[in-house]
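Below is one structure, written out as C-alpha cells; comments come after it.
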Amino acid sequence: MKETDNQQSKSASGNPCEAAGSVSVIKVGGAVVEDPAQLDILLDEFAKIEGPKVLVHGGGRSATKMAAQLGIESRMVGGRRITDAAMLDVVTMVYAGLVNKNIVAKLQARGINALGLTGTDLNLIRAHRRPITPEGIDFGFVGDVDSADGSTLHQLLALGITPVIAPLTHDGAGHLLNTNADTIAQTAATALASSLASSLTFCFELPGVLRDPADPASLIPHLTEPLFRALVADGTISGGMIPKLENAFKAIHDGVAQVRITSTGDLQGGTVIMDN
Ligand code: ADP
C-alpha cells in the first residue's frame with residue numbers, strides 16, 4: 001500500500017523514521033561482515049525495515065585476510081589502514097567485489113532488490129586523497145569525503161532499489177580511494193536528510209556504546225557530545241569507536257533525525273545519540 005506524506009504513519013516496528021517520507025541508513029561493521037551467522041541476523045533485520053533503506057558495509061578484516069593470502073602486508077597506524085597501490089587493489093576486490101556482492105545476493109534471497117555500488121558509481125561520493133599528516137604519515141590512497149549526491153540516491157530509492165554501498169570513493173581524476181565506511185554512512189544519511197527524514201544506525205558486534213567495553217550489560221542508552229568527550233578522555237571509549245561516534249555526532253548535527261549505535265539483532269535498541 002502506498003503511504004502519503006501527510007499520513008504520518010508509523011511502521012510495524014514503531015520506528016517513526018521508517019514511516020512514509022523517511023529513509024533508514026544502516027551501517028554494518030567489519031566483524032559482522034566476517035561472521036556469516038551475525039551477517040544473516042543483520043540482513044534478516046534489515047529486510048524487515050519498511051520503506052526506503054540503504055546499507056553501507058565495511059570489510060577491513062576480510063581485506064586483511066585476503067592481503068595475507070596474497071602475501072601483501074597490512075600496515076595500520078592508530079587503527080587506520082595504510083593503503084598503498086597493492087592494498088588499494090585488495091580493498092577494491094574485497095569491498096566492491098566479494099563482500100558487496102555476497103551481501104547483494106543475500107538481500108536478493110530475502111526479496112530485497114539490492115544494487116551493489118561504491119561511492120564512485122554514479123559519482124555518488126567524491127573525495128580527495130588525504131594529505132600527508134603533520135607527523136609525516138602518508139595513508140596512501142585514502143579518501144576524505146568532499147561531497148555526496150543525495151538526489152541520485154533518492155532517485156534509486158524512488159525506483160524501489162536498495163543501494164548497498166562499499167567503502168570506496170573517487171577523486172574525479174580517475175583514482176579510487178579507500179574511505180572509512182562509517183564516514184560513507186554518515187555522508188549518505190546527511191545527503192539524504194535534505195529531501196527525506198533520515199535515520200542512521202551503526203550496527204556492530206556489541207550492544208552499543210559501553211561504560212566497560214568488556215561488560216555487555218554496561219550499555220550507555222543515551223550519549224551526549226560532552227559525555228562522549230569525557231569518556232574518550234578517560235579511556236572508556238577508544239579505537240574505532242572514536243571515529244564512529246565523531247561521524248554519529250556529525251550526522252545528528254547535520255540534520256539526520258535519529259542516530260544510534262547498536263548490535264546486529266536489535267536495530268531499535270543500543271545507544272541513542274543526543275543532539276545536545
Ligand atoms: P566496525 O568495524 O564494526 O565499524 P570498529 O571496530 O571500528 O567498528 O569499532 C568498534 C569497536 O570499538 C568495538 O569492537 C570495540 O572493541 C571498540 N570500543 C572501544 N570503546 C568502546 C566502548 N566504550 N563501547 C563499545 N565498543 C568500544
Side-chain angles (χ1 to χ4, degrees), residues 25-43 45-46 54-67 74 76-83 91 94-95 98-100 102-103 119 139 142 145 164-168 178-189 200-251 259-267 269-274:
V25 178
I26 308 290
K27 152 62 190 2
V28 53
V32 176
V33 163
E34 269 282 282
D35 178 339
Q38 280 292 311
L39 184 59
D40 276 339
I41 291 169
L42 182 272
L43 295 179
E45 291 302 308
F46 182 78
V54 176
L55 186 65
V56 178
H57 62 82
R61 293 163 183 84
S62 306
T64 301
K65 204 163 103 186
M66 181 60 75
S74 290
M76 314 289 282
V77 175
R80 290 181 298 173
R81 183 181 299 278
I82 306 269
T83 307
V91 298
V94 171
Y95 299 165
L98 197 57
V99 174
N100 188 272
N102 266 313
I103 290 175
F139 281 98
V142 165
V145 170
V164 176
I165 308 178
L168 292 158
N178 184 13
T179 301
N180 179 281
D182 292 334
T183 306
I184 299 260
Q186 176 267 116
T187 303
L200 172 60
T201 305
F202 294 96
C203 295
F204 73 137
E205 72 281 8
L206 297 175
V209 185
L210 304 173
R211 283 217 171 252
D212 172 3
D215 177 8
S218 67
L219 178 74
I220 300 169
H222 298 98
L223 187 63
T224 60
E225 194 156 7
L227 179 58
F228 163 53
R229 302 277 166 219
L231 294 176
V232 170
D234 76 9
T236 302
I237 293 174
S238 63
M241 187 49 71
I242 298 175
K244 194 183 298 301
L245 286 170
E246 299 280 5
N247 277 299
F249 283 105
K250 180 157 176 38
V259 182
R260 65 175 73 227
I261 318 278
T262 190
S263 64
T264 45
D266 187 17
L267 297 189
T271 301
V272 174
I273 302 301
M274 308 301 287

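Note that ligands are numbered from 1 as they come in the structure, with each ligand's atoms numbered from 1 the same way.
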Handout entry: Option set Glu205, Arg80, Lys244, criterion heavy-atom distance to atom 14 (O) of ligand 1, minimum
Key = Glu205

Handout entry: Minimum-distance protein heavy atom relative to atom 7 (O) of ligand 1
Key = Gly240 CA, 3.3 Å

Completion exercise
heavy-atom search around atom 10 (C) of ligand 1 in the protein gives Phe204 CD1, 3.8 Å

Handout entry: Short N or O distance, Gly29 and ligand 1, threshold 3.5 Å exclusive
Key = no

Exercise for the section: State, yes or no, whether a side-chain contact exists between Phe204 and Thr262 at a heavy-atom distance under 4.5 Å. Expected result: no

Problem - Which of the ligand 1 atoms, numbered from 1, are nearer than 4.0 Å to a heavy atom of Arg61 - result: 2 (O), 6 (O)

Completion exercise
among protein heavy atoms, the one nearest atom 18 (N) of ligand 1 is Met241 CB, 3.7 Å

Practice task
Determine whether any heavy atom of Ser238 lies closer than 4.0 Å to an atom of ligand 1.
Solution key: yes

Exercise for the section: Take Lys250 and Glu246 through the salt bridge (charged side-chain N to carboxylate O under 4.0 Å, His left out) test and state the conclusion after the steps. Expected result: CA-CA 6 Å; Lys250 180 157 176 38; Glu246 299 280 5; over 6 Å; no

Practice task
Could you tell me which atoms of ligand 1, counted from 1 in the order shown, lie closer than 4.0 angstrom to a heavy atom of Val209?
Solution key: 24 (N)

Practice task
For the residue pair Arg229 and Leu227, establish whether any side-chain heavy-atom pair is separated by less than 4.5 Å.
Solution key: no

Practice task
Can you figure out which of Val32, Asp182, Leu210, Asp212 has its heavy atom closest to atom 22 (C) of ligand 1?
Solution key: Leu210

Problem - Side chains of Ile103 and Leu43 in contact at under 4.5 Å (non-hydrogen atoms) - result: yes

Handout entry: Any side-chain heavy-atom pair of Leu245 and Ile237 under 4.5 Å
Key = yes

Practice task
List the closest protein heavy-atom neighbour of atom 2 (O) of ligand 1: residue, atom name, distance to the nearest 0.1 Å.
Solution key: Gly30 N, 3.2 Å

Problem - Contact check, Arg211 vs ligand 1, heavy-atom distance below 4.0 Å - result: no

Practice task
Return the option from Pro213, Gly208, Gly60 holding the heavy atom at the smallest distance from atom 25 (C) of ligand 1.
Solution key: Gly208

Handout entry: Donor + acceptor pair across side chains of Ser218, Asp212 (<3.5 Å)
Key = no

Exercise for the section: Report yes if some heavy atom in the side chain of Leu210 is under 4.5 Å from a heavy atom in the side chain of Ile220; otherwise report no. Expected result: no

Exercise for the section: Answer yes or no: is there a side-chain heavy-atom contact under 4.5 Å between Arg81 and Thr64? Expected result: yes

Problem - Top protein contact for atom 15 (C) of ligand 1, by heavy-atom distance - result: Leu206 CD1, 3.9 Å

Handout entry: Over all atoms of both residues, closest heavy-atom pair of Thr236 and Asp234
Key = OG1-OD1, 2.6 Å

